Amino acid sequence: MLTPNEIEAFLDEALPPARMVEIERLLRDNQAAKVALAEVVGRRDAGVHTVGAIWRRRRLSCPTREQLGSHLLGVLSTAENDYLAFHLEAVGCRWCEANLADLKQLAAAADDEQVETRRRKYFQSSIGQLRRDG
């Protein structure tokens, strides 16, 4: 059966995709799960929040975008890298995975742009320098 914490995480889309699918199926087919969901939603709507719910909603355990960028650059300490690996792989934080994927895409685009800029500079600097043998 689902725990209130797991339902909270489901509502916040803070679970790995496979678990989200399992819970969604359970909520469609299981009356007790529907009742548990209604109770959690009712508490949320009434303004009753647990420390865990606030922690998840504010993403207090998530690294910052700067920390994720430092991870890509390989400049974090071993402890920070270990935490990031745990957060991304074991916890499966979809928000941080998406943030990291975005940073990787930006880095790849920047690399492509730098290569093209360098190529253009080489070409511009060599105009008129080549001899014509003929």
Side-chain angles (χ1 to χ4, degrees):
M1 191 46 152
L2 296 173
T3 66
N5 284 339
E6 196 168 33
I7 294 171
E8 288 274 357
F10 172 79
L11 292 171
D12 294 335
E13 296 185 24
L15 296 172
R19 185 63 182 143
M20 294 285 291
V21 170
E22 290 172 11
I23 291 173
E24 191 171 323
R25 284 186 185 136
L26 183 63
L27 289 170
R28 269 192 245 132
D29 302 332
N30 186 302
Q31 187 60 34
K34 290 177 187 177
V35 170
L37 174 66
E39 288 173 4
V40 170
V41 170
R43 278 196 308 272
R44 284 178 118 180
D45 289 347
V48 178
H49 303 285
T50 65
V51 172
I54 293 168
W55 189 275
R56 278 189 303 277
R57 204 167 298 128
R58 296 288 181 183
R59 307 210 179 286
L60 297 178
S61 62
C62 290
T64 64
R65 190 164 169 91
E66 291 78 18
Q67 289 169 317
L68 290 168
S70 295
H71 171 69
L72 286 177
L73 294 173
V75 297
L76 292 179
S77 70
T78 302
E80 290 171 313
N81 272 322
D82 289 348
Y83 177 76
L84 277 172
F86 170 78
H87 187 74
L88 294 167
E89 296 164 17
V91 173
C93 180
R94 297 183 329 157
W95 297 96
C96 291
E97 287 174 356
N99 217 349
L100 190 61
D102 181 53
L103 288 170
K104 286 179 181 177
Q105 184 179 15
L106 289 174
D111 286 345
D112 291 345
E113 186 177 322
Q114 287 175 351
V115 167
E116 184 57 36
T117 300
R118 194 175 310 118
R119 184 177 294 138
R120 197 173 324 110
K121 285 181 180 179
Y122 288 151
F123 178 75
Q124 291 296 324
S125 68
S126 64
I127 292 177
Q129 303 298 318
L130 301 175
R131 294 184 315 173
R132 289 188 184 185
D133 293 333

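These numbers come from a predicted model, not from an experiment.
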How many angstroms lie between CG in L15 and CD1 in I23, if you round to the nearest 0.5 Å? 5.0 Å
Nearest 0.5 Å, what's the CG-CG distance between L72 and L100? 5.0 Å
Using the test side-chain contact (heavy atoms from CB on, under 4.5 Å), find all partners of L60 that sit at least two apart in sequence or belong to another chain. W55, R58
How long is the span from the CG atom in L68 to the NE2 atom in H71, to the nearest 0.5 Å? 7.5 Å
S77 and E80 side chains, donor-acceptor separation under 3.5 Å: yes
Distance col, row L73:CG vs E66:CD, nearest 0.5 angstrom, shows 12.0 Å
Let me check something: do V91 and F10 share a hydrophobic cluster, defined by ILVMFWY side-chain heavy atoms less than 4.5 Å apart, either directly or through other members? no
Output a table of donor-acceptor pairs, distance under 3.5 Å, between side-chain atoms of residues 27-38 and any protein atom two or more places apart or on a different chain; print 'none' if there are none.
residue : atom : partner : partner atom : Å
R28     : NH2  : E24     : OE2          : 3.2
N30     : OD1  : A32     : N            : 2.8
N30     : OD1  : A33     : N            : 2.9
K34     : NZ   : R28     : O            : 3.3

Nearest heavy-atom approach of P63 to L84 is CG-CD2, 3.1 Å
Strictly below 4.0 Å, N to O, side chains only: are R25 and E22 in salt-bridge contact? no
Could you walk me through whether S61 and Y83 satisfy the side-chain contact (heavy atoms from CB on, under 4.5 Å) test, starting with their C-alpha distance in whole Å, then the side-chain angles of each, then the deciding distance to 0.1 Å, before giving a yes or no? CA-CA 10 Å; S61 62; Y83 177 76; 3.4 Å; yes
Qualifying salt bridge (charged side-chain N to carboxylate O under 4.0 Å, His left out) pairs with a residue from residues 85-105, counting only residues at least two apart or across chains: E13-R94, R65-D102
If you look at every heavy atom in L103 and G69, which pair is closest and at what distance? CD1-N, 3.7 Å
